[in-house]
K.L.:
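Sharing a structure below in structure tokens format, with a few things to ask.
Numbers restart at 1 for each chain; the letters A, B, ... are given by sequence-line order, proteins then strands. What's counted below: heavy atoms across the whole structure, side chains too, no hydrogens, waters or symmetry copies.
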There are 4 protein chains.
Amino acid sequence: MTRKLTQRGRDRRLQILREAARLFSERGYHPTSVADIVASLKVGKGVFYWYFPSKEELFVELLRGAHQDLRRRQQAAIGDEPDPVRRIELGIRASMAWFHEHRSSFNLVQFAATEERFAPVVRHNREVAIADAVRHIKDGIVEGRIADQDPGVLAEAVVGVTERLAQAYLLERDEPVDQVADAAVAFCLRGLMG
Amino acid sequence: MTRKLTQRGRDRRLQILREAARLFSERGYHPTSVADIVASLKVGKGVFYWYFPSKEELFVELLRGAHQDLRRRQQAAIGDEPDPVRRIELGIRASMAWFHEHRSSFNLVQFAATEERFAPVVRHNREVAIADAVRHIKDGIVEGRIADQDPGVLAEAVVGVTERLAQAYLLERDEPVDQVADAAVAFCLRGLMG
Amino acid sequence: MTRKLTQRGRDRRLQILREAARLFSERGYHPTSVADIVASLKVGKGVFYWYFPSKEELFVELLRGAHQDLRRRQQAAIGDEPDPVRRIELGIRASMAWFHEHRSSFNLVQFAATEERFAPVVRHNREVAIADAVRHIKDGIVEGRIADQDPGVLAEAVVGVTERLAQAYLLERDEPVDQVADAAVAFCLRGLMG
Amino acid sequence: MTRKLTQRGRDRRLQILREAARLFSERGYHPTSVADIVASLKVGKGVFYWYFPSKEELFVELLRGAHQDLRRRQQAAIGDEPDPVRRIELGIRASMAWFHEHRSSFNLVQFAATEERFAPVVRHNREVAIADAVRHIKDGIVEGRIADQDPGVLAEAVVGVTERLAQAYLLERDEPVDQVADAAVAFCLRGLMG
DNA sequence: TATGAATGAGTTTTCATTCAT
DNA sequence: GATGAATGAAAACTCATTCAT
């Protein structure tokens, strides 16, 4: 049912996605009505439903898009780096940079996790992210560079540190990305070491 | 303007708080209507508004109550332990135990952070929690037991690890509290070490 | 179904009537809830329903009571004054004094006139009041002291002036009763003269 | 924030205003629910809130609209008549005609005066109306055609007579406008004469 | 494609009244 | 007589979605 869109149509679609993300992130998903979104773009309500079947589907698209985009960013950063510990570091730094540029996505995921209908999507995305990290961690353990503990636990811990510092220092306090990334990397690498 | 309540009244109030927390946590705040809450308790709609001025205020009370309760639990666990690193460990373990017993509170805070009107409460609660941890971390730094880095950052990292592992292993996978706590403590203490 | 009341009971009843009249008049009938009334008296809700079958009936009682009381006051003032014009003057002055002392009743009647279920009571009360005035006016016409016009119209006009000046100067501007009464009498007597 | 409306929209809006006025006036403001209004127009509930932010605001608009409309009617009737007494007469007659054509507005104002939140609007409207009348009365006093008394009091008296006779004879008894106007003019002019 | 208009189920909240103690 | 608790119908209002133009 994906509509064939002209260039102009694709632009419109993207514009709506971005504005929705911004408003959802600022005020919350429920407090942002479809009317708010279209009003903020100064278009009629029909426009929204021309490009999206429902508010809910748009939100899920945002969710999936954010996950894919972040993941691509991590993979691009890691490239074919052979050192697993260095790969983890690059992953943390890439994530931090991405969070910095896509501040609005942060809240969306946070929110989605708390609502029954969106939770499965979030859960799936998280599993993928953890599986990615677990691979590097396992390699590190094999090389004796990382403590021989449950790699899943270590991966969750790394993600926990990264997201928390992003939230507290990037989003709330607007500190320079590099410094925050440095701090996250330092803590995580120590935490991982055997 | 707090109502004078009999014992029965206090029980009812508590019952509503608990049921609301359960439903909010299971389905989400917005998808849970006041009608759902009272129906689930098999009482009339008026009962809710006899005890709470609004759904919103009940939610805030839940938020503040959770924060206070967790904090008390941490303080009780720490007692007058002189070793700052040990204090941090005790704090992590107490938090983990509390999360285990109050699984519903977890989602609530998560959600609240994403909605404009509740965010300030969450922010305040977090600041208090971080300030608590910072005190122990500073002591640890003075004693040379903890890396001489921004104590706020370290505190956020510890909280990030603890909450993430609680979420992933206690709530989603129902693993034994002690094991999850051990893992969190291990990671954090390594992460903190100088 | 009138309850047998002890002295204390009669006091309570009166107290409720007065408080209700005050609140109805200050805020309006609908915006004043039974809960407001009993809260303002610091008693339980049961008290209200012990003395009155419903909010509506209490209101009607206030309405009827006000009418009767005002009428008695007028009759007492007029006594057996033989001069019809003088009787009208005394009636106006008595009304003005009564309005001054029962400011709250004013709004009640005003409101009651606008609501379907109370309008008949108001209409009836007004007819009685007009009929009273008409008697004096007819006498005045017979004596040639008052213009020979429809006495009903003249009566309404007199009432209109009296109430309007009471409202504007007694209630809203708190001017001395006598002065307001003088003004009303002056205007009305000129208006009536042949 | 006023919505851009098409012709159809403006018609709808007006239709709602009129229907609301009719129902408020017949049954009272509170006994008339928004549901009643839209049901009576056979449209959905959302229509009401598409055109008006709240029942309360619609009511205030009705109030202000009535005031302005009556005032315009008076001014049009008075034109540039040089004789102040004649101006007053024309004002009374114009008001009477307007009351006759807008019977529903009458009750609304009456009601509004009794409720805290609407009273200020009524008070303001009345002040304007009185100020209008006062101007003519002052002129009349200067010319020695009107009793040298507080013009505000005289204005209130005139308004009191006019409204009362309109209420009693136009609305309740459906008498011919001209006759009622004649009676009001007669009484008022006598009442004003020096 | 796009707009303003319309729908109506669903939400929060109020409140007169009744009940149990 | 009196209280706090409970009821539940009904109110105002919201908003995702659809429709007519």
K.L.:
Minimum heavy-atom separation for A/Ala119 to A/Ala113, with atom names?
P.N.:
CB-O, 3.9 Å
K.L.:
Write down the protein N/O and nucleotide N/O pairs, taken from nucleotides 14-18 of chain F, whose separation is under 3.5 Å; answer none if there are no such pairs.
P.N.:
residue, atom, partner, partner atom, Å
F/dA16, OP1, A/Lys55, NZ, 3.0
F/dA16, OP2, A/Val34, N, 2.8
F/dT17, OP2, A/Tyr49, OH, 3.0
F/dT17, OP2, A/Lys55, N, 3.0
F/dT17, O4, A/Lys45, NZ, 3.3

K.L.:
If I take atom NZ in residue B/Lys42 and atom P in nucleotide F/dG8, what distance separates them, rounded to the nearest angstrom?
P.N.:
13 Å
K.L.:
Would you mind reporting whether D/Ser104 and D/Glu26 have side-chain heavy atoms less than 4.5 Å apart?
P.N.:
no
K.L.:
Ignoring hydrogens, what is the shortest heavy-atom contact between C/Arg27 and D/Glu115? Give both atom names and the distance.
P.N.:
O-CG, 3.6 Å
K.L.:
Taking distance alone, no hydrogens or angles, what donor-acceptor pairs closer than 3.5 Å link side-chain atoms of residues 42-49 of chain D to residues at least two apart or in another chain?
P.N.:
none

K.L.:
Specify the residues of residues 7-26 of chain D, ordered by number, for which at least one heavy atom lies under 4.0 angstrom from an atom of DNA chain E.
P.N.:
D/Arg8, D/Gly9, D/Arg12
K.L.:
Within less than 4.0 Å of OP1 or OP2 of F/dA2, is there a side-chain N or O belonging to C/Trp50?
P.N.:
no
K.L.:
Are any side-chain N or O atoms of B/Arg10 and backbone N or O atoms of B/Leu5, one a donor and one an acceptor, separated by less than 3.5 Å?
P.N.:
yes
K.L.:
How far, in whole Å, is E/dT1 from F/dT21 if one measures between their C1' atoms?
P.N.:
13 Å
K.L.:
With sequence neighbours excluded, what pairs up with A/His30 under the ring-ring contact (aromatic ring centres under 6.0 Å, His included) test?
P.N.:
A/Phe111, B/His30
K.L.:
Tell me every residue that passes side-chain hydrogen bond (donor to acceptor under 3.5 Å, both in side chains) with A/Asn125, counting only those two or more places apart in sequence or in another chain.
P.N.:
A/His67
K.L.:
Near DNA chain E, which residues from residues 109-117 of chain D have a heavy atom under 4.0 Å away?
P.N.:
none
K.L.:
Going by side-chain contact (heavy atoms from CB on, under 4.5 Å), name the residues that satisfy it together with D/Ser33, two or more places apart in sequence or in a different chain.
P.N.:
D/Ala35, D/Asp36
K.L.:
Under a 3.5 Å cut-off on both pairing distances, which runs of 3 or more consecutive Watson-Crick or G-U pairs involve DNA chain E?
P.N.:
E:2-21 with F:2-21
K.L.:
Using the test side-chain hydrogen bond (donor to acceptor under 3.5 Å, both in side chains), find all partners of A/Arg126 that sit at least two apart in sequence or belong to another chain.
P.N.:
none
K.L.:
Provide, to the nearest angstrom, the distance between the CD1 atom belonging to B/Ile37 and the C1' atom belonging to E/dT12.
P.N.:
11 Å
K.L.:
For residues 53-62 of chain A, tabulate all N or O donor-acceptor pairs below 3.5 Å that involve a side-chain atom, not counting sequence neighbours.
P.N.:
residue, atom, partner, partner atom, Å
A/Ser54, OG, A/Glu56, N, 3.4
A/Ser54, OG, A/Glu57, N, 3.0
A/Lys55, NZ, A/Tyr29, O, 3.1
A/Lys55, NZ, A/Thr32, O, 2.9
A/Glu56, OE1, A/Arg117, NH1, 2.8
A/Glu61, OE1, A/Arg13, NH2, 2.6
A/Glu61, OE2, A/Arg13, NH2, 2.3

K.L.:
Reckon D/Thr6 has a side-chain N or O less than 4.0 Å from the OP1 or OP2 of E/dA5?
P.N.:
yes
K.L.:
Please classify the nucleic acid contact of B/Tyr51 as base, sugar-phosphate, or nothing, using heavy-atom distances under 4.0 Å.
P.N.:
sugar-phosphate
K.L.:
I need the minimum non-hydrogen distance between A/Thr114 and B/Asn107, along with the two atoms involved.
P.N.:
CG2-O, 3.6 Å
K.L.:
Please name all residues satisfying ring-ring contact (aromatic ring centres under 6.0 Å, His included) with D/His102, sequence neighbours left out, ordered by chain then number.
P.N.:
D/Trp98
K.L.:
Which part of the nucleic acid, if any, lies within contact of B/Val47, taking any heavy atom under 4.0 Å across all strands shown: a base, the sugar-phosphate backbone alone, or nothing?
P.N.:
base
K.L.:
Tell me, please, which residues at least two apart from C/Gln15 pass side-chain hydrogen bond (donor to acceptor under 3.5 Å, both in side chains).
P.N.:
C/Arg12
